[in-house]
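Within every chain, numbering begins at 1; the chains are lettered A, B, ... in the order of the sequence lines, protein sequences first and strands thereafter.
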Amino acid sequence: MNELLEKAEKLGIKIPPISSEKINEDIKPVLRKMEQVGIRIDCNVLHRLDQKLSKRLEELKQAIFKLAGHEFNVDSPSQMADVLFDELKLPVEGLKKTKTGISTAASELKKIENEPEIIKLILEHRELSKLISTYLRPLPLLVDEQDRLHTTYGMETTTGRLTSSEPNLQNIPIRGIYGLEIRSAFIASKGMKLVAADYSQIELRVVACLAQDRAMIESFKKGEDIHTRTASEIFDVPIKKVTKEMRRKAKAVNFGIVYGQTPYGLSQALGIDVQKAAEYIMHYFNVHKGIKDYINEMIVKAHTDGYVETLFGTKRYLPEINSKIRFIAEGEERMAINTPVQGTAAEILKLAMIELDKRLAKTGARMLLTVHDEIVVEAAEKEAEKVGRIVKEVMESVVTLCVPVEAEAGAGKNWAEAK
DNA sequence: ACAATGGTCC
DNA sequence: ACTCGGACCATTGTA
């Protein structure tokens, strides 16, 4: 405990004197309450979208059959591979193989030159069937008499993150038009509003601090867009000359840092060749020596101590880090890099939830959901703005990092509108 | 019942 | 020969 506080002090961090064990005890009753309250669902929205997408799905299926020359199970990857690569003879060069054959994953299909019509149809089919079978159909079956959905939160992760199951409300779609439409089915109770607040780049702020990376700390202090800043560094252009495409690539680099970047992994994420990816990473480490040193420190620590730990002292043991099988050892090295970052961010959010639970007790507002760096609260319509300010304030002040901790809060009649 | 494949979220 | 971290869940196909 004292060592933790000392370590934090050295990093320019102020944390409340609470151990990870205590956090994990205190969060439990908060989670149980959230599970019981549940979140209200507008089943009509889900049902209407189901009808609409099911119709489109049938059209897509027929169009795929026509191009394939016969009917088959579009949901079967093995049958799909037979059709695409044996019958239609689409090029397999550069595509990943699975144990059973050639991968038909969307990321692989997108690599096929000039995207044949059938590929476009398959990708749309995959998107719609996913939404229908995972969200639109099952969720309405799980609501209670008040149209409320109750998840179960778990704490059995290796990093300290929470899980959500039966149903998982931490992977509700958000991308694309359908994503937002599905989120709009998550609504506030009568006379109330949803308040959604999420941390801005919490993991990158944490790593900037843990690594004491000067450039990154300066960037956060200035309030810059971190991905644009990274793009300017790795492509060596002024901030103003950063294009959307450059920013997109830089974003992948920044994510990679937190995950234990490899050139191969980055190349896969961006669909570029490994050489290019290695180049980006090299440019990145030229600027961010602090990050580079941090990564090495964590790997060395894991090898010598056998574990790494978060800011609040959650340990993760890495018994295979000295394995002779390189693949295994490297896997654990990436965990050594990622766990302190992801775990610390998770602890910060749990701390905020514990604190928020106390602060909201006096108001009529109730916490409903949490999604790793986000908290969703339900508040009386008239109080929504005020509650939004409270949530934001609690999230931002529960720890003091060496960079600003920022959260954004919004309010609306549904989850899509609140973000 | 279980492994493999694929896909959604942060 | 080849993987970027952490989860949960649906479907197919085999046992």
Summary of protein contacts for nucleotides 4-10 of chain B, nucleotide by nucleotide, where a base hit scores B, a sugar-phosphate-only hit scores S (4.0 Å, heavy atoms): SSBBBSB
Residues of residues 326-338 of chain A with a heavy atom under 4.0 Å from any atom of DNA chain B, listed by number, are none
Rounded to whole Å, please give me the gap between CD1 in A:I325 and P in C:dC2. 14 Å
Gap between atoms CD and P, on A:Q261 and C:dC2 respectively (whole Å): 21 Å
For atom C1', what is the distance between C:dC4 and B:dA3, given to the nearest Å? 24 Å
Rounded distance in Å between the C1' positions of B:dG6 and C:dA1: 23 Å
A:L141 CG to C:dA10 P: how many Å, rounded? 11 Å
Run the side chain to side chain contact (heavy atoms under 4.5 Å, CB included) check on A:I257 and A:F285 step by step: do they pass? CA-CA 10 Å; A:I257 295 309; A:F285 285 137; 4.2 Å; yes
Could you check A:K96 against A:S76 and say which one's nearest nucleotide on DNA chain C is further toward the 5' end? A:K96
Rounding to an integer number of Å, can you tell me how far A:H125 NE2 sits from C:dT12 C1'? 14 Å
Please name the residue in the list A:T134, A:I172, A:I41 that meets the side chain to side chain contact (heavy atoms under 4.5 Å, CB included) test with A:L139. A:I172
When you compare C:dC2 with B:dT8, how far apart are their P atoms, in angstrom units rounded to a whole number? 25 Å
Using every non-hydrogen atom in the two residues, find where A:H150 and A:P167 come nearest and quote the distance to one decimal. O-CD, 3.6 Å
Only pairs under 3.5 Å count here: list side-chain donor-acceptor contacts from residues 350-357 of chain A, not counting sequence neighbours, and write none if there are none.
unit_1, atom_1, unit_2, atom_2, d
A:K350, NZ, A:N24, OD1, 2.7
A:K350, NZ, A:G160, O, 2.8
A:D357, OD1, A:K33, NZ, 2.8

Using a cut-off of 4.0 Å on non-hydrogen atoms, how would the nucleic acid contact of A:N73 be classed: base, sugar-phosphate, or nothing? sugar-phosphate
Is it the case that more than 12 heavy atoms not belonging to A:R32 sit under 6.0 Å from its CZ atom? yes
Which of these passes side chain to side chain contact (heavy atoms under 4.5 Å, CB included) with A:L169: A:T370, A:T152, A:V371, A:L369? A:L369
Is the backbone N or O of A:V253 less than 3.5 Å from a side-chain atom of A:Q261, with the two atoms forming a donor-acceptor pair by type? yes
Applying a 4.0 Å non-hydrogen cut-off, can you work out what A:S267 is touching in the nucleic acid: base, sugar-phosphate, or nothing? nothing
Select base, sugar-phosphate, or nothing to describe what A:T159 touches, counting heavy atoms under 4.0 Å on all strands. sugar-phosphate
If the cut-off is 4.0 Å, is A:Q79 near the phosphate of C:dG13, judged by side-chain N/O to OP1 or OP2? yes
Roughly how many Å is it from OH in A:Y280 to C1' in C:dC4, rounded to a whole number? 16 Å
Nearest to the A:P138 side chain among C:dC9, C:dA10, C:dA7, which nucleotide is it? C:dA10
Okay, side chain of A:D213, backbone of A:I291: is any donor-acceptor separation there less than 3.5 Å? yes
When you measure from the side chain of A:K392 to the backbone N and O of A:A407, does any donor-acceptor pair fall under 3.5 Å? yes
Whole angstroms only, please: what is the CG-C1' distance between A:D273 and C:dC4? 16 Å
Output yes when A:R56 and A:E124 qualify as a salt bridge under the 4.0 Å nitrogen-oxygen rule, no when they do not. yes
Using a 4.0 Å heavy-atom cut-off across all strands, classify A:S78 as base, sugar-phosphate, or nothing. sugar-phosphate
Could you state the CG-P distance from A:L139 to C:dC9, rounded to the nearest angstrom? 11 Å
How long is the line joining CD of A:E320 and P of C:dT3, in whole Å? 18 Å
